[in-house]
Amino acid sequence: MNIPQELRYTKEHEWVRVEGNEAVVGITDYAQGELGDVIFVELPAPGSTASQAKGFGTIDAVKTVSDLFAPLSGEVVAVNTELKDNPALVNQSPYAKGWMVRLRVANPKELDSLLSAEAYQKHLGAHA
Amino acid sequence: MLDTTTALKRTPFYPRHIASGAKMVPFAGHEMPIQYEGILAEHRTVRTGVGVFDVSHMGEIRLAGAGAAAYADRLVTNEVGSIPDGKVVYTPMCTESGGIIDDLLVYALGADRLLVVNAANFEKDLAWIRKNAPAGVQVVDENAETAQLAVQGPKAEAVVARLYGDRATALGFYEAFHEGEGESWTLVSRTGYTGEDGFEVYVRAPRALALWDRIFEAGAGEGIRPIGLGARDTLRLEMGYCLYGNDIDESTHPLEAGLAWTVRLEKPDFIGRDAIRKAKEAGVGRKLLGLVLEGDRIARAGTEVVAGGKPAGRVTSGSMGISVGKPVAMAYLSGESAKPGARVDVVTRGEPTPALVSARPMYRQGTVRSPKPRRAE
C-alpha cells in the first residue's frame, strides 16, 4: 500500500498536498483499489467554494459510486481536466496524474484536522 | 457473534483465485473473485480473446427416475420435456401466479434433467422442486460435488478444442455432450452469459483444479485470463441478459421481462401457465428494455426514469457499457416510453440525464449471435 510520507490524509481516503496557500486533493491508493476501475469523475466548477467535509464531487467506478469530500474549505482554483478523457489515471497514478482538485485554503487551522501518513496507515489498519 | 467469513463457502478453485491475485468478495453465500487485473481489462479480454469464469457457485439439481422429463416440463415455462439428449434450454421457473422463482438452464442428460440455478436461489429452488415432485421422481442435490468453469470469448473454441476435440467444436449453440461416470463425469455445453461464443464445463469437485490447469495451459497461446464477477456483470448487462434479483424476481412475470420467447403457453400444463395467459390477455403493462445513456454518469439500480417530466419507470441494472462505449442500463418502462427509440431522462443524483430506449441487447457485435461460429482457419 502506497502512502506517501509528505502528504496529509482524511479518514474518507482523500490525500492533500499543501503548496503554499493552496492544496491539491485526490484519493488514495487504498481508495482507488477499493473502488476498482474508475470510469467517470465529476468535479466541482473552478471558482466554486468547497466546505470542509462536504461532498464536492463524485467518482463512478464500474461497480459503485463514491462521493469525493472536501478535506479543506476554500475556493476551487483548478480541477484536473485530463480525468474527463482518461479517468483511469485515478487508478494508475492516484497521487500524481490522478489528482482531482486544487483549492485555495480558506482556513489554515483546518490543516490540523488532517491525518499524517502514520495516522492514516493506522486508520487503514483498523479498517482491515 | 456470527462470523460471516467462516460461514462463506469456497469453490474448489479458491487456491487458483488467490494465486491469480483475485479480489475476493462475499457473493450469494460464497467467497468469489470480483476481479483480478480489473473489470475493464477483463471485460475486453472476453470480447476479443478468451477468459475463464469460476461459476461453481451456481446450483445443480438433477431430476432422475421415471417421469423426470415430464416433471421438469411442468416446473418451467419453456419446452424441456421432449428435448433430445444433449439439448440445453434457458427458462424461467414460475410460481402459480406467474412470478419468476428463478431463471435457469435445463440440460437433457438421457432421461434425466439437470437444472442449473442461481446460487442465491439454490435453497429456495430445491425446496420448491422437492415440494412439487411427484412420486417416482428423484430430486438429487449435486451442488456440492459439482464444479463449473465458463470459458468465454471468440477464442474459446480453440482452447476447448484442445481438451475435447471435435466433440466440443461440433456443438451448436445450446448443445452439450457428457461423458464418464462417477468422479470422471464431465459435461460440456456451448452456453454462456457474456454475448460471446463460449462453453461451460462441469466436472466433479475432485477434478476441478486439474481442469483449471488444463484449460489455462491450453489457452496460454491465446492469452487466456481469469475473469471475475465484476466483468461477468458488465458483459451480461450490455447483452441485456437478466440478472435474477435485479431485473427479474417473484414480482415480475416472464412476459414483461421480455422473456415471452421462453414461455410455451401451448404446453398442456406448467406451473404459472394460467396466470401468465391471463397477463397476456390483459396486455403487458410494463416492459424490461435497454437504455443507452448520453453523458458519462452511470444509472444504478433503483434510479428513476422520467419522460416529459412524468414517471416512466425505474432502472433495475446499470453500469458502464464497456463495449458500447456509453453507460447502459435496463429498466421497466411503461406507456409511450416502453419502445425502442423513445427518449427518456434518467435522474441520477437529482439531475436528468438523457437516454435512448433500446431493444436488448445493447451490444450487437458479440460472436454468440451466430448459432455456430465459423471455425478459425
Side-chain angles (χ1 to χ4, degrees), chain A residues 1-2 12-13 27-45 48 50-51 53-70 76 79-94 97-98 100-101 124-128, chain B residues 5 21-27 32-47 227-238 243 246 293-303 315 317-329 346-351 353:
Chain A
M1 187 68 55
N2 184 7
E12 287 75 37
H13 311 289
I27 65 167
T28 65
D29 188 25
Y30 173 82
Q32 69 78 21
E34 287 299 298
L35 283 171
D37 288 322
V38 172
I39 52 175
F40 179 54
V41 182
E42 192 164 14
L43 296 172
S48 64
S51 304
K54 295 273 168 59
F56 74 151
T58 54
I59 304 160
D60 260 309
V62 178
K63 288 305 285 182
T64 185
V65 61
S66 169
D67 283 312
L68 178 69
F69 295 100
V76 174
V79 298
N80 186 354
T81 52
E82 275 186 51
L83 298 182
K84 170 88 182 133
D85 290 326
N86 194 2
L89 290 173
V90 175
N91 297 111
Q92 293 156 6
S93 175
K97 288 181 179 168
M100 293 181 179
V101 178
L124 286 186
H127 251 251
Chain B
T5 53
K23 185 168 157 188
M24 305 298 286
V25 297
F27 180 83
M32 298 298 290
I34 184 90
Q35 66 168 58
Y36 303 82
E37 56 187 314
I39 294 175
L40 295 174
E42 291 166 35
H43 179 108
R44 291 184 179 119
T45 292
V46 174
R47 286 273 180 261
I227 312 294
L229 292 178
R232 184 168 162 84
D233 190 50
T234 57
L235 287 158
R236 73 90 196 169
L237 175 65
E238 58 186 13
L243 173 62
N246 275 47
L293 281 70
E294 292 165 18
D296 300 305
R297 284 182 176 183
I298 288 175
R300 309 286 175 181
T303 303
V315 170
S317 289
S319 189
M320 187 63 191
I322 294 167
S323 303
V324 172
K326 292 174 180 173
V328 295
V346 173
V347 185
T348 50
R349 296 166 215 147
E351 284 178 35
T353 300

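Numbers restart at 1 for each chain; the letters A, B, ... are given by sequence-line order, proteins then strands.
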Legend entry - A:V65 vs B:T348, side-chain contact (heavy atoms from CB on, under 4.5 Å): CA-CA, chis, key distance, verdict: CA-CA 11 Å; A:V65 61; B:T348 50; over 6 Å; no
Inset, instruction - Could you go through the side-chain contact (heavy atoms from CB on, under 4.5 Å) check for A:K63 and B:D233 one step at a time? - result: CA-CA 9 Å; A:K63 288 305 285 182; B:D233 190 50; 3.7 Å; yes
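Considering all non-hydrogen atoms of both residues, A:D37 and B:I39 come closest at OD2-N, 2.7 Å.
A:T64 touches chain B through its backbone: at least one of N, CA, C or O sits under 4.5 Å from a heavy atom, while the side chain does not. Looking at A:A61, the atoms closer than 4.5 Å to chain B (heavy atoms on both sides) all sit in the backbone: N, CA, C or O.
Below 4.5 Å, heavy atoms of chain A meet heavy atoms from B:D296, B:R297, B:I298, B:R300, all part of residues 293-303 of chain B.
A:K54 meets the side-chain contact (heavy atoms from CB on, under 4.5 Å) test with A:S51; sequence neighbours excluded.
The structure places CD of A:E42 at 5.5 Å from CZ of B:R349, a figure rounded to the nearest 0.5 Å.
Enclosure of atom NZ in B:K23 by more than 12 non-hydrogen atoms of other residues, nucleotides or ligands within 6.0 angstrom is indicated.
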